[in-house]
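To start, the structure under review is shown below, and the notes come after it.
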Amino acid sequence: MLMTDIIAKKRDGGELSAEEIEFFIRGVTDQSIPDYQTAALLMAIVWRGMNRRETLDLTLAMMNSGDTLDLSSITGVKADKHSTGGVGDKTSLALLPMVAAQGVRMAKMSGRGLGHTGGTLDKLESFPGFSSALTHEQFLSQVERVGFAIAGQTADLDPADKKLYALRDVTGTVQSIPLIVSSIMSKKLAAGADVIVLDVKTGSGAFMKTEADALELAREMVEVGRLAGRKTVACITDMDQPLGNAVGNALEVREALALLKGEYHGELEELCLTLGSCILTGAGAAKDEAEARAKLERGIADGSALEKFAEFIEAQGGDRRAVYDGALLPDAPVKYEAKSEAGGYVQHIDAEGVGLVSMHLGGGRETAESGIDLAVGLVLHKKRGDFVAPGESLATIHARSLESAVSAAELLRRAYTIGSDRPNDVPFVKAIIRAED
Ligand code: URA
């Protein structure tokens with residue numbers, strides 16, 4: 001088989017066979033195919049697309065390019081969750097203990113933040129002593145014992161995706177439904193869960209800017225999951241502004257804890273209840289959405305979800321006292337109110353712009369190697385649709401120095417669009433996509 005033939009076939013709109021796709025992924029993984037040929041095929045796929053059979057074969061070949069996790073030693077149905085990412089997305093921190101408190105086990109691999117979006121592992125390191133470096137055995141035994149674990153993704157999981165994603169990033173080939181589906185689903189399938197719940201974000205701060213694109217991506221991922229034998233559900237949710245109010249590592253932990261303590265009510269709670277209901281019903285732990293929601297809400301009200309989170313922090317070496325005592329979490333020395341110059345309704349908040357403010361303060365990574373400041377970030381007081389008077393605070397900036405706080409406030413003001421008309425309310429959860437049969 002020749003790579004030049006495969007490239008030319010896709011260039012001309014042909015359908016690649018399973019053998020051709022496996023040949024390609026094997027060559028990417030063992031590096032026998034040079035980057036220029038890989039990039040050429042990726043670009044041909046961007047232009048010509050792939051049908052569902054090709055997308056499934058690509059996903060399975062990528063999944064099998066490295067280790068796959070066998071969760072069969074763990075009792076019951078195992079669930080996993082994935083978000084396509086966004087600013088202020090601290091969902092996993094609250095969702096996993098909420099679900100585990102209801103007896104459904106969750107085994108999750110997470111990543112670190114890069115650029116303006118934060119990573120779950122960074123956020124968790126706000127707890128003194130917390131470690132995500134679990135051996136395979138530690139990971140499995142913690143999921144069995146505690147109900148959930150969050151570990152860093154091992155280098156041996158889906159090595160083909162690591163190579164392809166790095167190349168896509170620098171060749172303008174990220175935006176392609178089959179390439180995104182195979183990248184996300186190969187990792188999820190390799191991680192071994194029976195039930196996979198996907199949070200597909202849409203809006204200006206999301207990867208998928210339009211609802212139509214988000215729907216198409218969600219449908220394809222759900223179908224590939226089904227064809228691979230996993231129960232897969234996708235929720236399309238709003239990312240036209242940051243999720244919740246807090247952006248920045250320890251600040252996001254505080255907001256997730258507030259939700260688990262029953263002190264936060266807003267879109268983050270709605271998201272956790274929606275995703276959690278999909279998991280509980282998918283795992284057979286609730287007969288319908290109403291029962292699932294009631295269970296999840298009870299777990300917050302009776303403190304069992306919060307206690308589950310404390311058990312998890314302790315199991316991974318962290319200080320469980322910080323779950324109950326916020327004074328033990330990182331706290332920035334400077335608090336500065338970013339005041340609005342304009343008056344009117346908040347019409348739009350540029351989520352990416354807010355993420356960049358957090359990065360400017362030191363809360364994000366510019367390169368994979370850079371360090372981050374866990375304490376800094378911002379807490380928004382005004383969200384879309386709120387009225388703001390001139391001089392009123394848009395957000396509290398948490399900074400290392402007054403100088404960085406002042407420049408961050410200026411950047412934040414630019415992320416807000418304020419005008420005289422109140423924008424229409426938009427639904428936060430836009431659709432739930434289940435398998436076609
Ligand atoms: N996230 C992934 O893991 N892969 C993509 O291709 C896009 C988003």
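Below, all heavy atoms of this structure are taken into account, side chains as well, without hydrogens, waters or symmetry copies. Atoms within each ligand, like the ligands themselves, are counted from 1 in listed order.
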Compute the minimum heavy-atom distance from Thr84 to ligand 1 and say whether it is under 4.0 Å.
no
Please list, in number order, the atoms of ligand 1 under 4.0 Å from a heavy atom of Ser183.
2 (C), 3 (O), 4 (N), 5 (C), 6 (O)
Distance alone, cut at 3.5 Å: any donor-acceptor contact between the side chains of Lys430 and Thr237?
no
In Gln142, Gln138, Glu311, the residue satisfying side chain to side chain donor-acceptor pair (under 3.5 Å) with Gln316 is Gln142
Ligand-side contact atoms (ligand 1) for residue partner Lys187, heavy atom cut-off under 4.0 Å
2 (C), 3 (O)
Check whether the side chains of Asp158 and Ser186 place a donor and an acceptor atom closer than 3.5 Å, and report yes or no.
yes
Is Arg384 salt-bridged to Asp238, going by a charged N under 4.0 Å from an acidic O?
yes
Considering the heavy atoms of Ile184, write down every atom of ligand 1 situated less than 4.0 Å from one of them.
1 (N), 2 (C), 3 (O), 4 (N)
Contact check: Arg168 vs ligand 1, nitrogen or oxygen atoms, below 3.5 angstrom:
yes
Subset of ligand 1 atoms that lie under 4.0 Å from at least one heavy atom of Tyr165:
4 (N), 5 (C), 6 (O), 7 (C)
Taking the ring centre of each residue, are Phe148 and Phe139 less than 6.0 Å apart?
no
